[in-house]
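Note sheet for the following structure.
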Amino acid sequence: MHNLKSKIRSIPDFPIKNITFRDITTLMQDGESFVKACDILYDRYKDKEIDKVVGIDARGFVFGAVLAYKMRVGFVPVRKKGKLPFQTISEKYDLEYGSAEVEIHSDAVLKDERVIVVDDLIATGGTVAAAIALVEKLGGKVVECAFLVELPDLNGREAIKNHDVYSIMSFEGE
Ligand code: AMP
């Protein structure tokens, strides 16, 4: 059993009151833990015939890009609105705090491509649901959604119940 969970820093009342922010930067800045987390994802997906990794802005870029590199497949960013320069499609969604809109380049995923969607954390599932909707609008198949951290109390799996979810660790009732 790995001790990656102990590398997550929990910040009470950030960015607003009553939210405990699960800070993955402490895991990332520890070389052994960063490599371990990346290897766990790579070992899970290396034989799944994946065509693309889609990473969610911004912490999903870090792990998604490493995973894509290790699998020798393309990496696609899902970005917050207004950042992508070419033709995009977009999706609005609600966050644990506030609301947002994400975009993907309209040529970034091809029909029937097998995709893993990566983010640092799943809370309500709203963000990843929007990313899935973007991939599927382009004709891609979401094989699984992968996270470092899951907050099961917020029922993210329910928000994307037709898709498989994998998380390296979870914080339940904490
Ligand atoms: P959600 O859409 O509710 O599943 O929220 C997931 C997104 O918001 C991810 O991109 C996370 O980085 C961020 N997020 C939401 N809640 C937290 C939290 N408690 N700690 C750290 N990041 C969070």
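Order of listing sets the numbers, starting from 1, for every ligand and every atom in it.
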Quiz prompt | Option whose closest heavy atom lies nearest to atom 6 (C) of ligand 1, chosen from Val102, Leu121, Asp94 | solution =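 Looking at heavy atoms only, Leu121 sits closest to atom 6 (C) of ligand 1.
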
Self-check item: Contact partition for Thr127 relative to ligand 1, non-hydrogen atoms under 4.0 Å
Solution: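 The answer is both.
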
Practice problem: Check each heavy atom of Asp120 against ligand 1 and say whether those closer than 4.0 Å belong to the side chain, the backbone, both or neither. | Solution: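 The answer is the side chain of Asp120.
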
Is the closest heavy atom of [X] to ligand 1 under 4.0 Å?
X	result
Thr20	yes
Asp23	no
Gly156	no

Would you mind listing which atoms of ligand 1 come within a distance below 4.0 Å of any non-hydrogen atom of [X]?
X	result
Thr124	1 (P), 2 (O), 3 (O), 4 (O)
Leu151	19 (N)
Asp119	9 (C), 10 (O)

Exercise. Show your working on side chain to side chain contact (heavy atoms under 4.5 Å, CB included) between Asp94 and Thr124 and close with a plain yes or no.
Key: CA-CA 9 Å; Asp94 295 322; Thr124 66; over 6 Å; no

Quiz item: Do any N/O atoms on Gly125 end up under 3.5 angstrom from N/O atoms on ligand 1?
Solution: yes

Quiz prompt | Under 3.5 Å: N/O of Tyr93 near N/O of ligand 1 | solution =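 Looking only at distances, the answer is no, because the N/O contact criterion of under 3.5 Å is not met.
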
Exercise. Check each of Glu101, Lys81, Lys137 against Ser90 using the side-chain hydrogen bond (donor to acceptor under 3.5 Å, both in side chains) test, and report the only one that passes.
Key: Glu101

Self-check item: With Thr127, the side chain to side chain contact (heavy atoms under 4.5 Å, CB included) member among Ile132, Leu121, Ile56
Solution: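 It is Ile56; the other options fail the test.
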
Quiz item: Only one of Val118, Ile40, Ile116 clears side chain to side chain contact (heavy atoms under 4.5 Å, CB included) with Tyr166; which?
Solution: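 The option that passes is Ile40.
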
Exercise. Run the ring-centre check on Phe34 versus Phe63 and record whether the distance is less than 6.0 Å.
Key: yes

Exercise. Please identify each residue that fulfils salt bridge (charged side-chain N to carboxylate O under 4.0 Å, His left out) with Arg79, with sequence neighbours left out.
Key: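 Partners of Arg79 by the salt bridge (charged side-chain N to carboxylate O under 4.0 Å, His left out) criterion, ordered by chain and then number, come out as Asp57.
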
Quiz item: Among all residues two or more places apart in sequence or in another chain, which pass the salt bridge (charged side-chain N to carboxylate O under 4.0 Å, His left out) test with Lys52?
Solution: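 If we apply the salt bridge (charged side-chain N to carboxylate O under 4.0 Å, His left out) test to Lys52, skipping adjacent residues, the hits are Glu113.
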
Exercise. Say whether, by atom type as modelled, one donor and one acceptor occur between the side chain of Glu91 and the main chain of Ala131 under 3.5 angstrom.
Key: no

